[in-house]
Each structure stands twice: as C-alpha cells, then as structure tokens.
Enquirer: 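Structure incoming, see below.
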Amino acid sequence: GELSRSPLWRDGDQRRLFELLTEAGAAALGTARASIWLFGDNHRRIVLEDLFDVVGRTHEQGAVLEEDSNPAYFEALGTDRALEVKDALT
C-alpha cells in the first residue's frame, strides 16, 4: 500500500527507505526486530544496512559479518533465501 507509493523509491534516500522497510516488516511479522543486510566483497561479507528495534524504536547500521568468522552462517545463506535466527547474539 502506502509504502509502495513512497517517493523514497525514486528520490534515492536509501537509508530512509530501509528504515521504513524494516519498520513495516517488523509490524507485519509481529517481531521485536527486523533488519536488512546486503552482501559485499564478492559475497564474503554482509553489511547491516538497517536494523529496527521495535521496543526502543531505534535504528542501527554498519555492523559487518565476515565469512571467515561465520562459515556455517554463510553456507546457510548460500542455500536459503531467508534465515530464521532465534538468537542473533550467538
């Protein structure tokens, strides 16, 4: 609906667009957090573009996960389109 008609799609404010997408995703899924990660460096790292925390109503960006430090996670990324992570801190 409303998000798909946002001028942010054509205006190029990617950061604000990602913020709106994570907020909408968390609301639609009923989750406490939602995030967008993008591959970098020939798929050997992922970079956090936006993480929305529902309780604190805060956004974070910039965290990086390297394949060398997380081989099982990157293997799963190579075989699945979406990952359900119960505890992102472990």
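Just so it is clear, the structure is predicted and the values come from calculations on it, not from any experiment.
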Enquirer: Could you note down all residue pairs passing ring pair (Phe, Tyr, Trp, His ring centres under 6.0 Å) where residues 19-47 supplies at least one of them, sequence neighbours left out?
Expert: F39-H43

Enquirer: Can a salt bridge be assigned to the pair R45 and D68 using a cut-off of 4.0 Å between side-chain N and carboxylate O?
Expert: no

Enquirer: Determine, using the 4.5 Å side-chain heavy-atom cutoff (strictly less than), whether L48 and L65 are members of one ILVMFWY cluster.
Expert: yes

Enquirer: Could you pull out the closest heavy-atom pair between F52 and R57, with the gap in Å?
Expert: CZ-NH1, 3.3 Å

Enquirer: So, taking the atom named CG in L51 and the one named OG1 in T58, what distance separates them when rounded to the nearest 0.5 Å?
Expert: 7.5 Å

Enquirer: Name the atoms and distances for all side-chain donor-acceptor pairs under 3.5 Å in residues 22-30, with sequence neighbours left out.
Expert:
from: T22; atom 1: OG1; to: F18; atom 2: O; distance (Å): 3.1
from: T22; atom 1: OG1; to: E19; atom 2: O; distance (Å): 3.0
from: T22; atom 1: OG1; to: D50; atom 2: OD2; distance (Å): 2.6
from: E23; atom 1: OE2; to: H59; atom 2: NE2; distance (Å): 2.7

Enquirer: Looking at residues at least two apart in the chain, or sitting in another chain, which of them share a salt bridge (charged side-chain N to carboxylate O under 4.0 Å, His left out) with E60?
Expert: none

Enquirer: Hey, is the main chain of Y73 close enough, under 3.5 Å, to the side chain of N70 for a donor-acceptor pair?
Expert: no

Enquirer: Considering residues at least two apart in sequence or located in another chain, which fulfil the side chain to side chain donor-acceptor pair (under 3.5 Å) criterion with R15?
Expert: Q61

Enquirer: For N42, which residues count as a side chain to side chain donor-acceptor pair (under 3.5 Å) partner, sequence neighbours excluded?
Expert: none

Enquirer: Do L77 and I46 have side chains that get closer than 4.5 Å, going by heavy atoms?
Expert: yes

Enquirer: Taking the side chain as C-beta and beyond, is there a heavy-atom pair between V47 and V64 under 4.5 Å?
Expert: yes

